[in-house]
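A short write-up of the structure that comes next.
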Amino acid sequence: MAKEKLEQRKQTLFGIYESPTYEEILEEYSKEFKRYIVPKGENIFGFWMQTLADLELLDLELQGLTDSYNIDPVNRVVEMEGDFEFIRKRIAHLETVKKKKTLYTEFIDLYGDTNAYAFHNLYPYKGKFYPRVVRTLINAFGLKEGNLILDPFNGSGTTTHEASLMGVKSVGIDITPMGVMLAKLKNELPHLSPNDFDFSLNDLVDIISSIRNKSWTHPNKTIENLMLVIYFDTIDAFARTSRYNRKGKEGLFVEKFTYMKKCYEKLMQIKENWGLNFADAEIYEGDVLDIKNNYPHFREKFDAIITSPPYYFSIDYVGKDKIAYEYFGIDMKKIEAKYLGMKNSLPIGKYGNVPSRVALYYEDLKASIENMFWALKPGGKIAIIVGDSTVNGRKIPTTMMTKKFCEEAGFKFKKLIFNPLLGARNRAIRGESIIICEKSS
Ligand SMILES: C[S@@+](CC[C@H](N)C(=O)[O-])C[C@H]1O[C@@H](n2cnc3c(N)ncnc32)[C@H](O)[C@@H]1O
């Protein structure tokens, strides 16, 4: 082909010529694809970064972890200065730092999941949030060993577990006995020794039958509770689908126990390879609205709060744990009655044109934010993760109300990040927002 003709055809999409052959397209595509999947650089984006929110979260993390940085979103790389070994152990949105795998990447490579690492996947507690978001916020807030975090809606303990893995102490409070049991377990399991998990197939079959007879006990309370939680999860999984019928309940119980044992072994492997020190968490069953009375020593005690209140009527939190509550003989109605927005019968304040049940929820949400302000040290940071639910086709503006309540309580509003929930099954919730505020010193 004449040279000038070739030149003419160069101004095209592919930067080559006007009508590339099929093979040329494939070759060019694979180069583009490679550039996207394997960016060139020392500090590269995690492949799990999908949305603008991820970019904002990366930016927040870098503010807390580095001396200086520059994000190049097109090439999916970061330039930065700081303590690279520390950043590598901490950061949640980079796959490599100085060409070496980050600890977070190691977790997801070993567990094969971006969220179900360590003991985060112990039990499918409803409304559980993403450990990566907690990790990001701990980094963004510059929290280190010696700092103390609070989650007053700790649920199954995502905040407290992730804080422990990062070597930061924390306190978790939740109204539900099941949440408390799970959060305590996540705190205790990393301290077991390998032979605590030594159970034969026959042992496990015996255990399941003694749980059924309600005669199951074990000298090690952590093991006792672990078996119970695995049992509740097994029975619940059976009740939901016939998929497991062939395995049988015993088969599924054994499978779930083996999975938890593997989670333990992988965690110990990472702990040793990375020289990690896990911090302890204190877990309490309690009501965020009674925090001043029941925990007066919590006044201005915490460096940061990372939490997610129940979203207005979006999820039947307690219903999921029916099997556990029946086993313990706990009246679920009594627990539900203590839920945010369920205690009073008539709202006192004015919250615009919302149904009175929503107003009651807002009243409690406001009071809980005031209590969080009370518990935070001056200069402390707070992140609240909330979502707007849609009730009878009407949007309940919880996100904006939460921001307003934060400002009314005395917080300085800093940032709101909207995180779309891609592929969420519950269409009423399109995404959630992270509201970040500070208490002035
Ligand atoms: C969105 S969930 C939090 C889940 C948690 N982030 C996790 O990862 O498991 C909200 C939690 O608030 C708790 N809760 C509701 N009302 C409460 C209250 N008055 N005091 C303390 N906790 C409450 C619920 O039991 C539920 O676990």
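Atoms within each ligand, like the ligands themselves, are counted from 1 in listed order.
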Give a yes/no on ligand 1: does [X] have at least one heavy atom closer than 4.0 angstrom to it?
X    : result
P152 : yes
D287 : yes
I173 : no

What atoms in ligand 1 come closer than 4.0 Å to a heavy atom of [X]?
X    : value
N154 : 5 (C), 7 (C), 9 (O)
Y125 : 9 (O), 25 (O), 26 (C), 27 (O)
T176 : 25 (O)
T158 : 7 (C), 8 (O), 9 (O)
K338 : 19 (N)
S308 : 1 (C), 2 (S), 3 (C), 10 (C)
G286 : 20 (N), 21 (C)

Would you check the N or O atoms of [X], main chain and side chain alike, for any that come under 3.5 Å of an N or O of ligand 1?
X    : answer
F129 : yes
V288 : yes
S156 : yes

Below a 4.0 angstrom heavy-atom separation, can you tell me which part of [X], side chain or backbone, both or neither, approaches ligand 1?
X    : value
D364 : neither
S368 : neither
Y339 : both

Salt-bridge test for E407 and K404: reply yes if a basic N is under 4.0 Å from a carboxylate O, no otherwise.
no
K169 and E145 ion-paired at < 4.0 Å
no
Out of [options], who is nearest to [atom] when you count heavy atoms only?
atom                    : options          : answer
atom 16 (N) of ligand 1 : V134, L340, L365 : L340
atom 12 (O) of ligand 1 : Y130, F153, Y123 : F153
atom 13 (C) of ligand 1 : D174, I385, I291 : D174

Within 45° cone of F84 ring axis and under 6.0 Å: K98 NZ or CZ
yes
Both conditions, 6.0 Å and 45 degrees, for the charged tip of K214 above the ring of Y327: are they met here?
yes
Between the main-chain N or O of S193 and the side-chain N or O of D196, is there a donor-acceptor pair closer than 3.5 Å?
yes
Which pairs, with at least one residue in residues 379-404 and sequence neighbours excluded, count as a ring-ring contact (aromatic ring centres under 6.0 Å, His included)?
none
Do K184 and L189 come within less than 4.5 Å of each other through their side chains, counting heavy atoms only?
no
Measuring only between side-chain heavy atoms, which start at C-beta, is N419 closer than 4.5 Å to T51?
yes
After noting the C-alpha distance and the side-chain angles of F232 and F328, does the key distance pass the ring-ring contact (aromatic ring centres under 6.0 Å, His included) rule?
CA-CA 11 Å; F232 300 148; F328 292 121; 5.7 Å; yes
Determine whether more than 12 heavy atoms belonging to other residues, nucleotides or ligands lie under 6.0 Å from atom NZ of K377.
yes
Which one of K128, R135, K186 satisfies the salt bridge (Lys or Arg N to Asp or Glu O under 4.0 Å) criterion with E162?
R135
Can you tell me how far CG of L94 sits from CZ of F45, rounded to the nearest 0.5 angstrom?
7.5 Å
